Amino acid sequence: MRLLIILLLISNSTFAQYWGGQEISESDLAPWVPKFEMEYQGSYHFGESEMESDLILFFSGGFIIGQVENGSWEEDANQWKSNYINLTNIKIDKTGKFSSDQHTGQFVHYKTENGALYKSLKIDNPWSSWIEDSKFEIGTKSELILKESYSGKYIEASYKKLQPAELHAMRPDDLQIMRNEIYARYGYIFIKKGKMDLYFRNQDWYRPEHKNVNDFLSDLERYNIDLIRSIE
């Protein structure tokens, strides 16, 4: 999971509504409306242990990307398998209200019992399956460094809107790797002993986990894949 350092800073009784099975009061929350919308960009951590998840939120080339990363333990494979949920049609209004096709919420300041203040995102209808109906969940913000959040040779294909001119300057083999690397970051299982399978199995960050990762792709990644393919 990405950027979990914030866990060390908050006690079990004050992290989120159901952190450690305990609730927090809405009176501990206050609106957070920064001067610039870009200040909302970050990684928001929700939950604990096997119920934890991270929402990465960033702005790039006209896209607002909101992607939830969570996972589950696969007994048969004896390993943790990652899962990704993309929030679509994200909008943030001038009062800090957050909305998407799947979830709604509000950017807030969260004040803990000891007086510490954290920039946070309150989700009113959480993706966490263990949260009861009509209960919210709080995710506290930490810095998101995009260049450190992805693995591979062409990581910009997952967080930057690519331009045709830069792709035309690349060799066809490199374009193929760039395009397939987007899938590989999500643990896509390539054809056994094929060109991409042999290449990515030599990358220490690659973990083959899923036969299909199409639902994991963000709108930005879909755009870049189509652009790369058109130039290949």
Side-chain angles (χ1 to χ4, degrees), residues 1-5 41-46 50 52-74 77-88 90 100 102 127 139 142-164 166-167 170-232:
M1 306 294 289
R2 298 188 182 101
L3 304 173
L4 304 186
I5 297 174
Q41 180 167 294
S43 178
Y44 295 82
H45 188 79
F46 295 81
E50 292 187 7
E52 66 187 8
S53 61
D54 291 281
L55 167 65
I56 61 168
L57 180 69
F58 66 92
F59 306 81
S60 180
F63 292 91
I64 303 179
I65 302 301
Q67 187 179 67
V68 178
E69 180 184 356
N70 53 22
S72 60
W73 183 258
E74 296 288 331
N78 195 33
Q79 68 175 21
W80 180 264
K81 183 174 285 189
S82 297
N83 180 67
Y84 301 85
I85 304 168
N86 286 287
L87 308 187
T88 53
I90 294 174
S100 70
Q102 299 83 4
W127 47 81
S142 56
E143 183 180 8
L144 175 65
I145 304 175
L146 290 168
K147 291 183 178 180
E148 296 180 4
S149 299
Y150 297 94
S151 299
K153 186 177 182 180
Y154 302 105
I155 58 174
E156 65 273 15
S158 281
Y159 68 80
K160 188 182 85 170
K161 188 177 181 181
L162 300 176
Q163 301 300 317
E166 62 184 312
L167 299 180
M170 296 174 61
R171 297 185 305 115
D173 284 352
D174 292 332
L175 288 171
Q176 184 183 27
I177 291 173
M178 174 185 270
R179 175 171 55 82
N180 282 283
E181 192 178 79
I182 297 173
Y183 296 97
R185 275 191 278 275
Y186 292 109
Y188 179 69
I189 301 172
F190 296 94
I191 297 174
K192 189 174 183 179
K193 295 187 178 179
K195 181 180 177 181
M196 292 298 101
D197 178 59
L198 295 174
Y199 173 83
F200 287 109
R201 286 185 184 275
N202 282 321
Q203 310 307 308
D204 57 8
W205 54 267
Y206 173 64
R207 289 181 58 196
E209 294 181 327
H210 303 282
K211 293 181 180 180
N212 189 325
V213 298
N214 288 337
D215 290 343
F216 296 166
L217 302 174
S218 70
D219 288 342
L220 177 59
E221 289 171 324
R222 293 178 189 278
Y223 173 88
N224 285 336
I225 286 170
D226 289 343
L227 180 61
I228 296 168
R229 185 178 284 117
S230 73
I231 292 174
E232 279 186 89

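Source: prediction; values computed, not measured.
Shown here for Arg185 and Ala157, the closest heavy-atom pair between the two residues is NH2-CB, 4.2 Å. The shortest heavy-atom contact between Leu162 and Tyr223 is O-CE2, 4.1 Å. Taking all atoms of both residues into account, the shortest heavy-atom contact from Leu198 to Lys193 is CD1-O, 3.6 Å. When all heavy atoms of Leu57 and Leu144 are compared, the pair lying nearest together is O-CD2, 3.8 Å. When all heavy atoms of Lys160 and Leu220 are compared, the closest pair comes out as N-CD2, 3.7 Å. Of all non-hydrogen atoms in Asp197 and Ile191, the two that sit nearest each other are CB-O, 3.0 Å.
A salt bridge links Glu232 to Arg179: one of the charged nitrogens lies within less than 4.0 Å of a carboxylate oxygen. Looking at Lys161 and Glu156, no side-chain N of the basic residue comes within less than 4.0 Å of a carboxylate O on the acidic one, giving no salt bridge. A salt bridge is absent between Asp226 and Arg222: the closest approach of a Lys/Arg side-chain nitrogen to an acidic carboxylate oxygen does not fall below 4.0 angstrom.
The ring pair (Phe, Tyr, Trp, His ring centres under 6.0 Å) test with His210 is passed by exactly one of Phe216, Tyr188, Tyr186: Phe216. Here the rule is side-chain contact (heavy atoms from CB on, under 4.5 Å) with Gln67, and of Ile85, Leu87, Ile56, Asp54 only Ile56 fits it.
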Please determine whether side-chain contact (heavy atoms from CB on, under 4.5 Å) holds for the pair Thr88 and Ser100, giving the CA-CA distance in whole Å, both sets of side-chain angles, and the decisive distance to 0.1 Å. CA-CA 6 Å; Thr88 53; Ser100 70; 5.9 Å; no
Start with the C-alpha gap between Tyr183 and Asn214, add the side-chain angles, then the distance that decides, and say whether side-chain contact (heavy atoms from CB on, under 4.5 Å) holds. CA-CA 8 Å; Tyr183 296 97; Asn214 288 337; 3.9 Å; yes
Given Val68 and Tyr84, is the side-chain contact (heavy atoms from CB on, under 4.5 Å) satisfied, shown in steps? CA-CA 5 Å; Val68 178; Tyr84 301 85; over 6 Å; no
Worked verdict on Glu209 versus Ile189 for side-chain contact (heavy atoms from CB on, under 4.5 Å): CA-CA 6 Å; Glu209 294 181 327; Ile189 301 172; 5.9 Å; no
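Side-chain N or O atoms of Glu166 include one that pairs as donor or acceptor with a backbone N or O of Gln163 at under 3.5 Å.
Atom CD in Glu148 sits 9.0 Å away from atom CD1 in Ile155 (nearest 0.5 Å). Of the inter-residue distances, the one linking Asn83 atom CG with Asn70 atom CG reads 5.0 Å to the nearest 0.5 angstrom. Note that OG of Ser149 and CG of Leu146 are 5.5 Å apart. Values are rounded to the nearest 0.5 Å. Taking CG of Leu175 as the reference point, atom CE of Met170 lies at 4.5 Å (rounded to 0.5 Å). Taking CD from Gln102 and CD1 from Ile90, the interatomic distance works out to 8.0 Å, rounded to the nearest 0.5 Å. Between Tyr159 atom OH and Ser218 atom OG the span is 13.0 Å, to the nearest 0.5 Å.
In this model, a donor atom of one side chain and an acceptor atom of the other lie less than 3.5 Å apart for Glu221 and Ser158. Judged by distance alone, the side chains of Gln176 and Lys195 do bring a donor and an acceptor atom under 3.5 Å apart. If you check the side chains of Ser53 and Glu69, you find no donor sitting under 3.5 Å from an acceptor.
Contact of the Arg201 side chain with the Pro208 side chain is registered, since non-hydrogen atoms from C-beta on lie closer than 4.5 Å. With a 4.5 Å cut-off on side-chain heavy atoms, Ile65 and Ser60 do not count as touching. Annotation: side chain of Gln41 is in contact with side chain of Phe59 (closest heavy-atom distance under 4.5 Å). Under the 4.5 Å side-chain criterion, counting only non-hydrogen atoms from C-beta, Trp205 is not in contact with Tyr150. Considering only heavy atoms from C-beta on, Tyr154 comes within 4.5 Å of Asp174 through its side chain. Residues Asn180 and Phe200 meet the side-chain proximity criterion, which asks for heavy atoms closer than 4.5 Å.
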